[in-house]
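We count ligands from 1, going down the list as the structure has it; atoms in each ligand are counted the same way.
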Amino acid sequence: MKDEQESSRRSFIKKLTTATAAVAAGSGFLASQSQAKSFSIQKRLIGNSPNDQVNIALIGAGGMGTQDTITALQVPGVKLVAVCDLYDGRLKDAKTRWGTDIFTTRVYKEILNRKDIDAVIIATPDHWHQQISVDAMHAGKHVYCEKPMVHAITEGPAVIKAQKETGMIFQVGSQGVSSLGNEKAHELLKSGAIGELNYAEGFWARRAPLEVWQYPIPEDASPQTVDWETYISNTKNRPFDEKRFFRWRNYTDYGTGMAGDLFVHLFSSLHFITDSVGPNKIYASGGLRFWNDGREVPDVLLGTFDYGKTQAHPAFNLSLRCNFVDGTSGTTYLKLVGSEGSMDITWDKVTLKRNKVMDSDDPFYLDKLKKAGSGYAERKKMLPPEEITYDAEKGYKGGPYDHMVNFFTAIRNKGKVTEDAIFGYRAAAPALLCNDSYYNNSPMFWDPEKMQVVKK
Ligand SMILES: NC(=O)c1ccc[n+]([C@@H]2O[C@H](COP(=O)([O-])OP(=O)(O)OC[C@H]3O[C@@H](n4cnc5c(N)ncnc54)[C@H](O)[C@@H]3O)[C@@H](O)[C@H]2O)c1
């Protein structure tokens with residue numbers, strides 16, 4: 001593996017050097033390569049017959065479930081037949097959007113009992129993911145389950161077991177992993193574009209109330225329009241509380257805080273790009289600084305994660321940050337840093353930065369050079385390109401669409417998805433352990449290969 005990496009690294013550097021030489025010769029080759037480089041939409045697996053209609057149902061028809069369904073319905077041959085939700089307003093909205101002939105219900109088992117449904121999208125709050133996923137697979141339904149795959153670290157094995165036992169297709173919804181941007185980053189890292197990976201970081205900056213989970217509460221919210229009993233039936237019993245229902249992310253009974261909501265996306269992308277199975281040490285810090293609205297989760301969270309050396313990658317460190325009181329707002333990024341450069345990665349763009357050849361006027365450094373025998377240190381050098389941006393081709397439908405195509409193709413071909421239950425658990429676990437570290441005020445240890453918490 002090491003030799004393979006070294007040889008692809010050499011070939012990547014050779015390509016860059018050749019490009020540099022071409023520019024020096026005035027051929028304009030590099031200009032065409034490096035400026036907003038467009039990487040073509042790779043052949044995607046949509047060649048199979050859309051005549052194989054796949055009937056889907058949505059369970060949890062809020063913001064993301066609606067988006068997921070809109071995206072799924074863009075894939076040829078996919079039809080929505082039913083929607084389940086615990087709030088009547090969402091069922092009414094679903095009929096308005098998708099037609100009065102869709103079947104609607106508050107009871108997800110009524111969806112699972114229907115013979116005409118092949119697959120379900122599960123986009124409920126996190127505390128329902130495991131149970132509905134397991135029940136759905138045992139009922140013979142393929143599952144697209146939103147991230148994080150599970151609400152508690154103990155819940156992962158049951159989903160993995162159900163997937164193995166039933167053989168149903170199960171995809172977790174961190175859609176970035178299917179994007180061209182993530183694929184390109186994977187390819188660049190493998191080719192040695194940034195040398196040896198040693199560090200990665202991710203960051204979210206948010207500020208607006210809607211972005212930080214203060215969602216509007218519908219005027220008609222009441223125990224009559226909301227099935228509160230079912231909502232809390234797998235967690236602590238409490239009287240009806242509209243905030244706990246419509247702003248569930250702020251409460252630990254239902255949500256998984258910043259780590260489960262946001263960090264999990266970066267674990268998924270990072271693991272996909274690096275072929276990693278996960279970190280072995282997790283440490284979090286943070287606090288509730290501003291949003292004193294009754295929330296039980298911090299609004300500033302920092303996580304550091306140690307990834308051990310594996311066959312796929314060297315040991316490296318990851319730093320993740322999330323700030324919901326960030327006056328600059330609107331920033332999200334994932335960066336991978338190696339010994340020879342770095343990559344900024346989004347779903348449709350990768351910016352590769354390579355080290356400059358060091359060209360210093362520091363007298364101390366120049367003196368060192370002289371002593372080392374490089375007498376003519378001030379002579380200018382040929383520089384390799386410093387920055388290359390790879391942009392997705394115009395018209396690219398994006399990671400969410402690719403992720404759905406990946407799911408439906410696997411269903412039709414009895415194939416594999418990018419983000420199965422094992423992948424999904426390995427992405428969710430460090431996020432959930434990050435929360436445990438924050439609340440326990442101590443590092444957490446994880447065996448990512450065996451997928452077990454390690455007691456120290
Ligand atoms: N992949 C992404 O980019 C992304 C983005 C946003 C949210 N999500 C995930 O999607 C899920 C939903 O998030 P959201 O923002 O859409 O929340 P939301 O509150 O807008 O929607 C959740 C819906 O589920 C319904 N619900 C609750 N319990 C249910 C149950 N037992 N059965 C049926 N319906 C039930 C609620 O009434 C609500 O309509 C979460 O797990 C979240 O982490 C993923």
Side-chain angles (χ1 to χ4, degrees), residues 57-72 82-94 104-112 120-133 135-136 143-151 155 171-179 204 210-218 220-221 225-235 242-251 253-269 297 332 347 398-404 407 419 424 427-428 431-432:
L58 169 62
I59 302 175
M64 198 59 207
T66 303
Q67 272 315 311
D68 283 339
T69 306
I70 290 171
T71 308
V83 173
C84 165
D85 202 281
L86 296 184
Y87 166 54
D88 292 346
R90 295 268 154 80
L91 297 177
K92 226 170 103 200
D93 290 349
T104 57
T105 175
R106 283 178 166 192
V107 185
Y108 77 84
K109 287 198 173 156
E110 286 183 12
I111 299 261
L112 303 187
V120 292
I121 294 172
I122 300 171
T124 61
D126 309 342
H127 70 303
W128 275 99
H129 289 181
Q130 185 228 30
Q131 191 174 336
I132 302 179
S133 293
D135 289 350
V143 173
Y144 182 101
C145 177
E146 265 309 334
K147 45 53 53 175
M149 184 177 97
V150 287
H151 179 250
E155 293 177 351
Q171 169 100 307
V172 181
S174 269
Q175 59 279 63
V177 298
S178 292
S179 69
W204 287 261
L210 266 185
E211 290 177 340
V212 305
W213 309 344
Q214 281 202 340
Y215 304 122
I217 294 173
D220 72 347
T225 57
V226 169
D227 184 350
W228 176 256
E229 295 310 312
T230 300
Y231 182 67
I232 57 158
S233 61
N234 64 356
T235 182
E242 55 191 28
K243 278 197 189 167
R244 286 182 166 267
F245 189 82
F246 289 100
R247 297 180 178 175
W248 56 267
R249 279 178 170 81
N250 296 316
Y251 305 94
D253 281 354
Y254 331 106
T256 46
M258 288 168 154
D261 206 61
L262 298 169
F263 286 5
V264 71
H265 278 300
L266 287 200
F267 285 119
S268 306
S269 284
V297 292
T332 299
W347 294 352
Y401 180 74
D402 284 345
H403 208 46
M404 282 295 174
F407 176 58
E419 204 176 353
L432 299 170

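Closest to atom 40 (C) of ligand 1 by heavy atom, among Thr124, Ile232, Leu91, is Thr124. Of all the listed residues (Thr105, Asp93, Leu86), Leu86 holds the heavy atom that lies closest to atom 30 (C) of ligand 1. Of the candidates Arg249, His151, Gln131, the one placing a heavy atom closest to atom 6 (C) of ligand 1 is Arg249. The closest non-hydrogen atom to atom 22 (C) of ligand 1, taken over Gly60, Ala123, Pro400, comes from Ala123.
With hydrogens left out, the protein atom closest to atom 21 (O) of ligand 1 is Gly62 CA, 3.3 Å, a heavy atom. Of all protein heavy atoms, the one lying nearest to atom 37 (O) of ligand 1 is Asp85 OD1, 2.5 Å. Scanning the protein heavy atoms around atom 10 (O) of ligand 1, the nearest turns out to be Glu146 CG, 3.3 Å. Protein heavy atom closest to atom 18 (P) of ligand 1, with residue, atom name and distance, is Trp248 NE1, 3.7 Å. In this structure, the protein non-hydrogen atom closest to atom 38 (C) of ligand 1 is Arg90 NH1, 3.3 Å. Remark: minimum distance from atom 41 (O) of ligand 1 to any protein heavy atom is reached at Asp126 OD1, 2.7 Å.
Residue-level proximity to ligand 1 for Lys147 is carried by backbone and side chain together, each with a heavy atom below 4.0 angstrom. Proximity of Tyr231 to ligand 1, defined as any heavy-atom pair under 4.0 Å, is confined to the side chain (atoms from C-beta onward). Neither the backbone nor the side chain of Tyr215 comes within contact range of ligand 1; no heavy atom lies under 4.0 Å. Heavy atoms from both the backbone and the side chain of Met64 come within less than 4.0 Å of ligand 1.
Less than 4.0 angstrom separates some heavy atom of Gly63 from each of these atoms of ligand 1: 16 (O), 20 (O). Taking every non-hydrogen atom of Pro125 and a distance limit under 4.0 Å, the qualifying atoms of ligand 1 come out as 22 (C), 24 (O), 26 (N), 27 (C), 28 (N). Within ligand 1, counting atoms from 1 as listed, the ones closer than 4.0 Å to a heavy atom of His129 are 41 (O). Atoms of ligand 1 lying under 4.0 Å from at least one heavy atom of Gly173, given by number and element, are 1 (N). Counting atoms of ligand 1 from 1 in the listed order, those under 4.0 Å from a heavy atom of Phe245 are 36 (C), 37 (O).
Distances shorter than 4.0 angstrom do not occur between any heavy atom of Tyr108 and any atom of ligand 1.
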Checklist entry - Is there a salt bridge (charged side-chain N to carboxylate O under 4.0 Å, His left out) between Asp88 and Arg106 once you walk through the steps? => result CA-CA 8 Å; Asp88 292 346; Arg106 283 178 166 192; 3.0 Å; yes
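Ring centers of Phe263 and Trp204: under 6.0 Å apart, within the cut-off.
The shortest heavy-atom contact between Tyr231 and Pro125 is CE1-CG, 4.0 Å.
Looking at Asp261 and Lys147, a side-chain N of the basic residue comes within less than 4.0 Å of a carboxylate O on the acidic one, giving a salt bridge.
A side chain to side chain contact (heavy atoms under 4.5 Å, CB included) with Val143 holds for exactly one of Ile121, Ile59, Ile132, Ile122; it is Ile122.
If you take CG on Leu86 and OG1 on Thr124, they are separated by 8.5 Å, rounding to the nearest 0.5 Å.
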